[in-house]
Amino acid sequence: MPEESVAEAAIAWFDANARDLPWRHPDAGAWAILVSEVMLQQTPVVRVLPAYAAWLARWPTPAALAADEPGEAIRMWGRLGYPRRALRLHECATAIAQRHDGVVPDDLDLLLALPGVGTYTARAVAAFAYGQRQPVVDTNVRRFVARAVAGQADGGHTTRPADLVATAALLPDEPAVAARASAAFMELGAVVCVARSPRCTICPLVERCAWRAAGRPALDGPSRRPQTYAGTDRQVRGLLLAVLREAVEPVPRPRLDVVWPEPTQRDRALRGLIEDGLVDPLPGDLFTLPKGP
DNA sequence: CACACGTGGTA
DNA sequence: TTACCAAGTGT
């Protein structure tokens, strides 16, 4: 009898321990899964949960979102962070409505061509919504594979082709089983093989983990540079956009000026938001969330 | 490849 | 309190 594979062990653990998340329910279609994946880009599950439910209640289909204003998508995004994701998701819905008859495509290259859909999200939709055999590599999977298989600490970099290859090598042949394995790897990385204090004592793969066998070595090279926030343009953009999200009517400039005392940075942030399409300037020095083309 | 891009929770 | 971290993407 062959030794149980990494994927088999992960799936067995997943069968018994998976969190009950709405985008994993059988009734979650490709659109719901796509929405969840975009929301989960750099935002923790607990904060996505309520936003996900509200979003799909309002826009159950890509066509429904496409028919609404982009500014409404930005408003609904609330405080999930990186509001450009909301704008891209609106653009994405428009593209799906126009180019794909309102149906989220199942072809990887067509998915990759959608706004806001990159290496990770495209494969996540292909695997989780359409049951394809695709390596789905996010920060959790990267860390898990780097440790368990390569015996190394993950550098915190973004996913590279080599990461896809390494993960693909772990996937069973049967597409549906491979997709299940991808979900299991992700869950393992998210709740067991976590970044700071990995819970090796409850890990189903601890016996064969290369990282643990090597004495849990720390990161080799220089770690990811610290992400500062206080005093950055990002913070100022966030403050400006928060005002516009709450406002029903177009906002006069003085109401934006009060959020940040330094005019040079404040103006740069506002210009950046306009440049990015997150804010529309109106005649009379008024500003609003975008109404669309 | 490095950097910009929000927000909030935890150690 | 500072620092890290969270289902990344686009330039």
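Since this is a predicted model, take the numbers as computed values, not measurements. Naming: A, B, ... by sequence-line order, numbering from 1 per chain. Keep in mind that the numbers below use all heavy atoms, side chains included, and drop hydrogens, waters and symmetry copies.
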Which residue lies toward the 5' end of DNA chain C, A:Asn140 or A:Arg88, if each is placed at its nearest nucleotide?
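Nearer the 5' end of the strand: A:Asn140.
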Greater than 12 external heavy atoms within 6.0 Å of [X]'s [atom1]:
X	atom1	answer
A:Asp15	CG	yes
A:Arg58	CZ	yes
A:Arg212	CZ	no

Euclidean distance for [atom1], [N] against [M] (whole angstrom):
N	M	atom1	answer
C:dT9	B:dG8	P	23 Å
B:dC3	C:dC4	P	15 Å
C:dA7	B:dA11	C1'	23 Å

Determine the minimum heavy-atom distance between [X] and [Y], stating which atoms define it.
X	Y	answer
A:Val251	A:Val243	CG1-CG1, 4.3 Å
A:Thr232	A:Gln265	C-NE2, 3.4 Å
A:Val6	A:Leu205	CG1-CD1, 4.1 Å
A:Ala7	A:Leu170	CB-O, 3.5 Å

Tell me what [X] touches on the nucleic acid: a base, only sugar-phosphate, or nothing, going by heavy atoms under 4.0 Å.
X	answer
A:Trp77	nothing
A:Leu21	base
A:Arg143	sugar-phosphate
A:Asp233	sugar-phosphate
A:Arg19	base
A:Ala124	nothing

Measure the distance from [atom1] on [X] to [atom2] on [N] and round it to the nearest whole Å.
X	N	atom1	atom2	answer
A:Arg234	C:dA6	CZ	C1'	13 Å
A:Ile74	B:dC5	CD1	P	16 Å
A:Leu80	C:dT9	CG	P	16 Å
A:Gln41	C:dA6	CD	C1'	12 Å
A:Leu241	B:dC5	CG	P	13 Å
A:Arg84	B:dA4	CZ	C1'	7 Å
A:Leu270	B:dC5	CG	P	14 Å
A:Asp163	C:dA7	CG	C1'	15 Å

Shortest side-chain distance from [X], nucleotide among [options]:
X	options	answer
A:Thr158	C:dT9, C:dA7, B:dG6	C:dT9
A:Arg237	B:dT7, B:dC5, C:dA7	B:dC5
A:Val45	B:dT7, C:dA7, C:dC4	C:dA7
A:Trp23	B:dG8, C:dA7, C:dC5	C:dA7

No-H, no-angle donor-acceptor pair, A:Thr43 side chain to B:dG6 base, under 3.5 Å:
yes
Would the base of C:dC5 count as contacting A:Arg196 through its side chain, where contact means a donor and an acceptor less than 3.5 Å apart?
no
Residue whose nearest DNA chain B nucleotide is more 5′ - A:Arg160 or A:Leu273:
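Closer to the 5' end of DNA chain B: A:Arg160.
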Please give me every residue in residues 109-122 of chain A whose heavy atoms get under 4.0 Å of an atom in DNA chain C, ordered by residue number.
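Of all residues in residues 109-122 of chain A, the ones placing a heavy atom under 4.0 Å from DNA chain C are A:Pro115, A:Gly116, A:Val117, A:Gly118, A:Thr119, A:Tyr120, A:Thr121.
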Only one of A:Arg234, A:Arg271, A:Arg84, A:Arg88 passes salt bridge (charged side-chain N to carboxylate O under 4.0 Å, His left out) with A:Asp276; say which it is.
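Of all the options given, the one that passes is A:Arg84.
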Any side-chain N or O of A:Gln42 less than 4.0 Å from the OP1 or OP2 oxygen of C:dA6?
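So the side-chain polar atoms of A:Gln42 never come under 4.0 Å of the phosphate oxygens OP1 or OP2 of C:dA6.
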Check whether any side-chain heavy atom of A:Arg255 lies under 4.5 Å from a side-chain heavy atom of A:Phe287, and answer yes or no.
no
